[in-house]
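Working notes, beginning with the structure itself.
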2 protein chains.
Amino acid sequence: MTITPDFIPARETDAEPTAVAAALAEIAAAIGDAHVVIGDGGEFRDPFQPIEWDAFATAGVAQPGSTADVQEIVRIAGAHGVPVWAQGQGRNNGYGGAAPRLSGGITINFRRMNRVLELDPDLGVALIEPGASFQDIYDAIEAADAGLMVSVPDLGWGSMGGNQQDNGLTYLPYGKGWRNICGLEVVTADGELLRTGMGAMADNASWNLYPRSLGPTIEPLFFQGNLGVVTKLGLWLMPKPEVITHVHVDVARDEDLIPLVDILRRLRLDGTIDGVPCILNTLLIASTIAPRAHWYEPAEGVIPDAVIDEIAATIGIGRWHLRFALYGDRAVNEHNLRKALDAFGAIPDVRIRHTTTGPEEWASLPDPSDRVYAGVPNLDWNTMAGWRGGEHGGHMSFAPVAPLSGRQVYDLQMWLKARFEQGGLDHTADLIVVNERSLCSVAGITFDIDDEQATAGAYRTMQELVREAGAIGYGEYRAHLHFMDLAQEQYGWGDHAYRRFVERIKDAVDPRGILSPGRHGIWPAALRR
Amino acid sequence: MTITPDFIPARETDAEPTAVAAALAEIAAAIGDAHVVIGDGGEFRDPFQPIEWDAFATAGVAQPGSTADVQEIVRIAGAHGVPVWAQGQGRNNGYGGAAPRLSGGITINFRRMNRVLELDPDLGVALIEPGASFQDIYDAIEAADAGLMVSVPDLGWGSMGGNQQDNGLTYLPYGKGWRNICGLEVVTADGELLRTGMGAMADNASWNLYPRSLGPTIEPLFFQGNLGVVTKLGLWLMPKPEVITHVHVDVARDEDLIPLVDILRRLRLDGTIDGVPCILNTLLIASTIAPRAHWYEPAEGVIPDAVIDEIAATIGIGRWHLRFALYGDRAVNEHNLRKALDAFGAIPDVRIRHTTTGPEEWASLPDPSDRVYAGVPNLDWNTMAGWRGGEHGGHMSFAPVAPLSGRQVYDLQMWLKARFEQGGLDHTADLIVVNERSLCSVAGITFDIDDEQATAGAYRTMQELVREAGAIGYGEYRAHLHFMDLAQEQYGWGDHAYRRFVERIKDAVDPRGILSPGRHGIWPAALRR
């Protein structure tokens with residue numbers, strides 16, 4: 001009884017419904033009835049999928065309370081040949097939310113395992129459970145008065161564990177190049193336990209301090225992977241600096257993106273700017289303030305350039321808006337701020353504002369984005385999702401990686417804008433500068449999920465974008481459930497040498513293929529097409 | 001005709017000598033006679049193994065000139081069932097040099113593939129071949145006047161590729177937590193090619209700029225691994241700062257190591273000190289200046305504490321000597337230097353010296369260690385190897401990982417000193433502070449390789465150390481050929497869950513088990529015991 005449109009690559013597990021029901025019953029007996037949901041409970045789904053569609057649907061959700069529970073769940077599911085789909089809080093919104101790639105299996109959701117198990121203020125490290133949200137971690141740090149900061153993303157309700165396992169981007173210095181996580185505990189497909197790095201040795205105090213193994217380092221296999229279920233994570237936390245200087249740079253014209261990016265690259269390479277800056281376009285900023293209808297009345301067509309300029313003027317921003325923060329001693333921040341002001345000041349008509357604050361002020365900074373850069377989780381920017389449809393607004397992200405080079409970034413954005421507009425979509429852009437040399441160009445496709453036709457159109461445009469961008473050398477850093485196979489398909493160098501190599505590993509460590517089948521385009525042998 | 005002592009875990013390949021000879025002949029026909037050495041040529045061995053011993057002996061050395069050559073070598077070796085052992089320059093001294101773990105196979109040595117293929121001064125990135133030495137890379141950067149620095153280790157003759165694939169430590173900021181390498185090209189066991197990260201997509205310009213994949217990140221599998229032969233590496237290069245401030249801190253007493261480490265940790269965590277500082281003991285410094293006999297006449301016994309104090313006084317250092325460098329704008333360096341002077345100045349009787357220099361001065365800095373921290377490769381500290389035996393001096397490193405916590409570091413060093421002295425060995429220590437939270441405690445065991453009995457004694461002591469340290473939670477970050485199995489054996493958590501997981505991967509991607517069998521204790525199925 002599939003009512004999902006044909007073009008959606010929905011897939012069902014081969015496991016018989018009776019086997020799935022039996023597994024769920026056994027799991028309920030093992031971890032407690034109260035911790036098993038039959039079906040998606042109206043909650044463990046993609047919140048941005050039209051309610052009528054039945055793609056990416058779980059048969060039931062198990063919420064373990066301990067590592068031993070996870071082992072039980074994996075063993076029971078394995079014994080019945082039922083696939084599991086592991087997540088953190090289940091807030092992977094924009095990429096499929098709480099839904100699994102393969103329908104009909106069992107979701108492992110970690111909302112009950114949300115504790116900060118250990119916190120060492122001297123070494124700046126915590127040991128956390130996979131469901132601990134950014135808010136949970138922030139609260140634990142503040143309660144302990146540990147003088148540390150957690151690197152957070154725009155929305156603080158997700159889990160650090162889930163976010164990082166999706167290569168999720170966070171904005172503080174430890175977000176740069178993913179320096180947050182060190183040391184994992186993992187349940188493997190046979191229900192046994194594995195610890196990475198120094199954790200492979202009993203009583204080794206460096207498990208969460210030193211990131212490699214003796215022998216090959218396997219830890220990054222569990223990021224965007226389906227080779228194990230992570231049950232504990234070491235988390236590095238940065239000491240609070242004396243001050244944070246928040247800087248916002250607005251440039252007037254699209255072409256100004258070229259010097260903006262090139263100057264930013266130089267200031268990152270020479271160490272003036274650390275952390276993960278973002279460059280947002282006018283419509284992205286507008287979407288954090290109010291829905292589309294507030295800015296532009298006609299529901300049809302795309303917002304014309306002249307109106308975008310008006311919106312920018314109303315908000316008091318430019319066509320592109322760079323935000324970043326400096327973290328350090330006051331004297332060093334002043335020096336680095338001066339350098340940044342001099343460098344960006346050379347762009348014609350640029351506007352720059354900055355504020356410098358100490359730890360006592362961070363929780364009450366008026367700009368939610370400044371709070372994010374100060375490590376204070378919040379949900380203010382969730383407004384974004386309501387660009388079209390308000391409460392029923394949905395969004396998906398198209399997120400290719402690009403070199404941090406002005407000309408290339410500009411050309412890519414102009415190409416994306418044209419392609420979005422061709423598909424009848426407003427082009428919103430959030431360029432997340434993940435390290436000194438590259439960025440993830442996140443373009444948000446927004447739609448009213450009550451409008452099935454518009455939603456289908458948005459999906460179709462995105463499908464074309466993944467393929468067309470892949471053909472010119474731009475690949476996604478992270479893919480929506482809907483586009484995982486297609487996005488992986490673009491990585492075809494050497495006759496898909498990467499995918500074939502990973503598939504060999506998959507078959508070797510999960511021979512029954514029960515762990516998160518299809519995640520980022522990696523399927524077990526029996527389900528490969 | 002084995003004349004290696006019994007206690008050495010030497011192993012021979014199962015391949016018949018005729019098969020090995022046939023493979024070498026075919027390889028010579030494919031890549032040129034001039035590029036194949038039969039036997040070790042007196043050179044491709046462990047230079048610190050007594051010449052009479054025949055452990056860890058290669059049957060022949062192939063020196064490819066291109067990726068295609070490497071593919072040919074791997075295919076031919078595979079067809080004959082002959083194992084290969086891949087290296088860079090073959091300078092893994094202290095850990096087995098150019099020798100393979102398994103005797104009787106074919107060594108792939110990359111001295112001919114030593115080019116810098118691409119160099120982008122704007123993005124601070126190069127594409128290098130696996131045999132490019134630190135000196136080759138430095139020379140290429142200077143020739144191009146690229147304004148960049150390569151992170152180097154104490155001795156500049158090794159290759160960046162070989163060093164990094166052994167998790168080798170280098171001292172500049174990009175050495176911290178191994179940020180040097182981004183993007184690999186790899187020959188797999190079937191002779192095909194694989195590219196990691198964004199390189200898995202054709203024409204993706206972010207291959208050497210963005211470090212992860214879509215899907216699980218496999219790149220770190222090839223560091224300390226035996227799952228492929230790396231033929232190209234992306235290399236990140238740091239822009240030259242305005243100035244470098246070299247700082248040397250001497251503390252008088254062993255106990256002073258406690259505040260020294262704790263202060264260093266705080267200054268690293270708060271960002272005052274970047275890069276990879278080292279803490280060296282008196283005898284390690286002495287060994288960089290002159291052989292043991294220069295400092296202490298009796299060849300027997302260990303150097304007494306009173307003499308160590310005299311040596312320290314003669315050199316003008318303390319019992320422990322910290323070296324690090326600050327990289328940045330002059331004003332920022334001055335601020336950070338003041339902070340460091342204040343913090344370390346609180347240790348009683350501490351002595352601190354510092355110098356600040358600009359790029360023009362770095363190549364001619366008088367202290368070779370300062371040149372290393374300025375990214376200028378040299379060989380001056382090679383004197384170290386001659387502590388005992390002069391030209392025939394040998395050394396091995398025992399290198400466990402430890403938390404960057406004063407008390408733990410002190411206790412470990414005192415334990416090591418006692419155990420060294422019990423084995424009749426001088427305790428030399430080089431604590432390499434690889435990140436903000438941990439260090440690699442490298443203890444050099446030195447011996448005269450002409451003195452077989454002393455060498456055997458040194459090996460035995462080290463064997464005991466690996467086992468005893470493992471029992472109290474200290475594991476090696478990198479192991480000598482001789483101790484690879486034993487060091488890996490210590491990582492026994494979960495009934496060796498880590499090793500078993502890696503073995504599954506090994507068998508899946510290299511089913512014939514031909515790539516570097518036994519590297520860091522990972523053997524193919526047919527050779528597991």
Side-chain angles (χ1 to χ4, degrees), chain A residues 123-125 167 177 192-195 198-206 209-218 220-221 223-225 239 269-271 328 331-332 335 401-403 437-438 470 473 475-477 479 487-488 490-494 497-498 501-502 504-505 508-509 520-522, chain B residues 123-125 167 177 192-195 198-206 209-218 220-221 223-225 239 269-271 328-329 331-332 335 401-403 437-438 473 475-477 479 487-488 490-494 497-498 501-502 504-505 508-509 520-522:
Chain A
L123 283 160
V125 66
N167 289 351
E192 296 198 26
L193 285 178
L194 168 73
R195 284 186 177 175
M198 293 291 118
M201 173 178 282
D203 299 323
N204 191 309
S206 301
L209 307 176
Y210 176 90
R212 291 206 173 174
S213 303
L214 180 79
T217 290
I218 59 174
L221 290 179
F223 301 135
Q224 292 197 355
L269 280 169
D270 78 5
V332 174
H335 175 89
V401 174
R437 292 166 177 82
S438 62
E476 285 208 280
Y477 94 99
Q488 184 60 255
Q490 308 311 309
Y491 289 85
W493 194 86
Y498 164 78
F501 193 86
V502 175
R504 283 184 169 202
I505 297 175
V509 303
H520 282 106
I522 305 302
Chain B
L123 284 160
V125 66
N167 290 350
E192 295 198 26
L193 285 179
L194 169 71
R195 284 188 177 174
M198 292 292 117
M201 173 178 282
D203 300 322
N204 190 309
S206 301
L209 308 176
Y210 176 89
R212 291 205 173 175
S213 303
L214 180 78
T217 290
I218 58 174
L221 290 179
F223 301 135
Q224 293 197 352
L269 279 168
D270 79 3
D329 291 344
V332 173
H335 175 89
V401 175
R437 291 166 178 83
S438 62
E476 286 209 280
Y477 94 98
Q488 184 60 255
Q490 308 309 309
Y491 289 86
W493 193 86
Y498 164 76
F501 193 86
V502 176
R504 283 184 169 202
I505 298 176
V509 304
H520 283 105
I522 305 302

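Chain identifiers are assigned alphabetically (A, B, ...) following the order of the sequence lines, protein sequences preceding nucleic acid strands; residue numbering begins at 1 within each chain.
Using a distance-only test at 3.5 Å, with no hydrogens or angles considered, a donor-acceptor pair links the side chain of Asn204(A) to the main chain of Gly473(B). The backbone N or O of Gly124(B) lies less than 3.5 Å from a partner atom in the side chain of Arg437(A), making a donor-acceptor pair. Between the side chain of Gln488(A) and the backbone N or O of His520(A) there is at least one donor-acceptor pair closer than 3.5 Å.
Of the residues considered (Ser438(B), Gly215(B), Gly271(B)), Gly215(B) shows the highest number of contacts with chain A, using heavy-atom pairs under 4.5 Å. Of all the listed residues (Ile505(B), Val502(B), Asp329(B)), the one sharing the greatest number of non-hydrogen pairs under 4.5 Å with chain A is Asp329(B). In terms of heavy-atom pairs under 4.5 angstrom with chain B, the leader among Gly494(A), Pro239(A), Ala331(A) is Pro239(A). Contact count versus chain B (heavy atoms, under 4.5 Å) is highest, among Arg212(A), Glu476(A), Gln224(A), for Arg212(A). Of the residues considered (Ile522(A), Asp203(A), Leu269(A), Leu209(A)), Leu209(A) shows the highest number of contacts with chain B, using heavy-atom pairs under 4.5 Å. When the candidates Gly225(A), Ala508(A), Gly521(A), Pro211(A) are compared by the number of heavy-atom contacts under 4.5 Å with chain B, Ala508(A) comes out ahead. In terms of heavy-atom pairs under 4.5 angstrom with chain A, the leader among Pro220(B), Gly492(B), Ser213(B) is Pro220(B). Of the listed residues (Val125(B), Asn167(B), Leu193(B)), the one with the most heavy-atom contacts under 4.5 Å to chain A is Asn167(B). In terms of heavy-atom pairs under 4.5 Å with chain A, the best-connected choice from Phe501(B), Phe223(B), Tyr477(B), Trp493(B) is Trp493(B).
The parts of Val401(A) that come within reach of chain B are both its backbone and its side chain, each placing non-hydrogen atoms under 4.5 angstrom from that chain. With a 4.5 Å cut-off on non-hydrogen atoms, Leu214(A) touches chain B through its backbone and its side chain both. Of the two parts of Glu192(A), only the side chain, counted from C-beta on, holds a non-hydrogen atom closer than 4.5 Å to a non-hydrogen atom of chain B.
Here Tyr491(A) pairs with nothing under the ring pair (Phe, Tyr, Trp, His ring centres under 6.0 Å) rule; sequence neighbours left out. Residues passing the ring pair (Phe, Tyr, Trp, His ring centres under 6.0 Å) test with Tyr498(A): none are found, sequence neighbours excluded.
Shown here for Ser206(A) and Ala402(B), the closest heavy-atom pair between the two residues is OG-C, 3.5 Å.
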